[in-house]
Amino acid sequence: MTTHSTRMLIIGSGPAGLTAAIYGARAGLAPIVVQGLQPGGQLTITTDVENYPGFRDVIQGPWLVAEMQAQAEHVGTRMMWDTIIDVDLSGPPFRAYGDSGDIYEGETLVIATGAQARWLGAPGEQELSGKGVSACATCDGFFYRGKKVVVIGGGNTAVEEALYLTNHSQDVTLIHRRDSVRAEKILQDRLFAHPHIKVLWNKRVDHFVGDALDGGLTGVALVDTVTGATSVEPTQGAFVAIGHAPATELFKGKLELDAGGYIIVEPGTPKTSIPGVFACGDVMDHTYRQAVTAAGTGCMAALDAERFVAALEFAALA
């Protein structure tokens, strides 16, 4: 068992965590990043990235996050391959306990554990992911301009995705397993008034139709939740919009979380309910969920962590 100490400990290695690391290293905080179960975060399962600033051509998600990691290491970040199984937030120093048995402690803690899209678990979903099946319209909708697309879900996320997709398609179908949506009234009004959106009620996705090696998605197979009748809705793009699950299990009972499990931060900042503990990226952002916004909040977390460390040092001299 080894204890690794740093002035800034970062849990999570997606764009938020790595950006925090870059800024923290440049500020002399010698950050440690513990990478977790999915090093690189959701970008590692995102193929084409066309909306990250600075690249006029399509880039690959895994390449982008690898470049971020290389930059973080180049300026002095230590990357640790471990999975955190418990945390002690009574510090500073704050402590994180790894599955390896090692202990990581930091004068500040940056939580960048991200969130995962909730999937249906239907056959063909994962095989056709990136080949017609997506969980992010704002990420991938551009690739389906002029094509027929469907959105699966009935909450705010689903309705917002359907409305967004009308920027690219004039044939958008919302598929919902019930006979009414749960979205806010104003979103419902916009949905039902839109001439390019139709709704299929009482339909459950049984499986996704297509060939991952040849042509990708061609349709979704549906079951009527009332009659049991089956049908296939032809489509070239299917967007699963049933919500996201933030990776905050470690912090339940230790930090303030909202009803959806996201870490609550002081508005406009990455500051959590515990001074010296900061949250950035999708673990605290259930609205935007983009790589570029995650990177922005990672920068904010590092700048606030630097200020926190400076205040500690000033207090120690007083």
Side-chain angles (χ1 to χ4, degrees), residues 50-51 115-125 128-210 216-246 258-262 282 285-290 293:
E50 203 168 21
N51 57 5
Q116 298 291 332
R118 290 191 175 99
W119 295 96
L120 296 169
E125 184 176 52
L128 290 163
S129 177
K131 298 169 183 176
V133 177
S134 170
C136 181
T138 51
C139 307
D140 300 328
F142 183 75
F143 299 114
Y144 298 91
R145 54 195 180 278
K147 298 180 180 179
K148 177 178 172 56
V149 295
V150 302
V151 177
I152 302 154
N156 281 356
T157 299
V159 175
E160 287 169 349
E161 301 251 292
L163 290 165
Y164 173 81
L165 285 166
T166 60
N167 293 315
H168 304 296
S169 170
Q170 294 190 344
D171 193 347
V172 179
T173 300
L174 182 74
I175 300 171
H176 188 39
R177 59 183 178 175
R178 298 188 176 90
D179 61 2
S180 62
V181 294
R182 305 182 309 278
E184 296 169 0
K185 181 65 165 55
I186 189 170
L187 288 174
Q188 293 191 41
D189 291 343
R190 291 175 59 200
L191 173 77
F192 299 136
H194 204 290
H196 298 148
I197 301 176
K198 72 174 183 179
V199 181
L200 292 180
W201 301 110
N202 299 315
K203 297 291 189 293
R204 172 180 61 82
V205 174
D206 183 71
H207 62 276
F208 292 86
V209 181
L217 182 76
T218 58
V220 287
L222 305 173
V223 176
D224 192 294
T225 57
V226 177
T227 67
T230 60
S231 61
V232 174
E233 181 72 12
T235 188
Q236 294 165 291
F239 294 86
V240 179
I242 57 174
H244 284 70
D258 69 12
Y262 290 85
D282 287 10
D285 171 21
H286 51 72
T287 303
Y288 301 104
R289 298 194 304 267
Q290 300 297 301
T293 51

Does a side-chain heavy-atom distance below 4.5 Å link [X] with [Y]?
X      : Y      : result
Leu187 : Glu160 : yes
Val220 : Val232 : no
Val181 : Leu174 : yes
Thr230 : Asp206 : no
Thr173 : Lys148 : yes
Asp224 : Lys203 : yes
Gln170 : Pro195 : no

Hey, what do you get for [atom1] ([X]) to [atom2] ([Y]), rounding to the nearest 0.5 Å?
X      : Y      : atom1 : atom2 : answer
Gln290 : Thr138 : CD    : OG1   : 4.0 Å
Arg178 : Asn202 : CZ    : CG    : 10.0 Å
Glu184 : Arg190 : CD    : CZ    : 11.0 Å
His194 : Asp189 : NE2   : CG    : 13.5 Å
Ile186 : Leu191 : CD1   : CG    : 13.0 Å
Asp140 : Ser129 : CG    : OG    : 8.5 Å

Would you say [X]'s side chain and [Y]'s backbone share a donor-acceptor pair under 3.5 angstrom?
X      : Y      : answer
Thr157 : Ala241 : no
Arg145 : Phe142 : yes
Arg118 : His244 : yes
Glu125 : Leu120 : yes
Gln116 : Ala245 : no
Thr225 : Arg204 : no

Closest contact, heavy atoms only, [X] versus [Y]:
X      : Y      : result
Val209 : Ala221 : CG2-N, 4.0 Å
Tyr262 : His286 : CZ-CB, 3.3 Å
Ala117 : Ala135 : CB-CB, 3.5 Å
Ala183 : Val159 : CB-CG2, 3.6 Å
Gly153 : Ala158 : C-CB, 3.4 Å
Val133 : Phe208 : CG2-CD2, 3.7 Å

Restricting to salt bridge (Lys or Arg N to Asp or Glu O under 4.0 Å), what partner residues turn up for Lys147, sequence neighbours left out?
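Here no residue qualifies.
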Set of residues satisfying salt bridge (Lys or Arg N to Asp or Glu O under 4.0 Å) with respect to Asp179, sequence neighbours excluded:
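If we apply the salt bridge (Lys or Arg N to Asp or Glu O under 4.0 Å) test to Asp179, skipping adjacent residues, there are no hits.
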Arg289 and Asp285: CA distance, side-chain angles, deciding distance, salt bridge (charged side-chain N to carboxylate O under 4.0 Å, His left out) verdict:
CA-CA 6 Å; Arg289 298 194 304 267; Asp285 171 21; over 6 Å; no
Between Phe192 and Trp201, what is the ring plane arrangement, given parallel below 30°, perpendicular above 60°, and tilted in between?
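Correct class here is tilted.
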Criterion side-chain contact (heavy atoms from CB on, under 4.5 Å) against Val172, the qualifying member of Ile197, Asn167, Thr235:
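Single side-chain contact (heavy atoms from CB on, under 4.5 Å) partner of Val172 among Ile197, Asn167, Thr235: Ile197.
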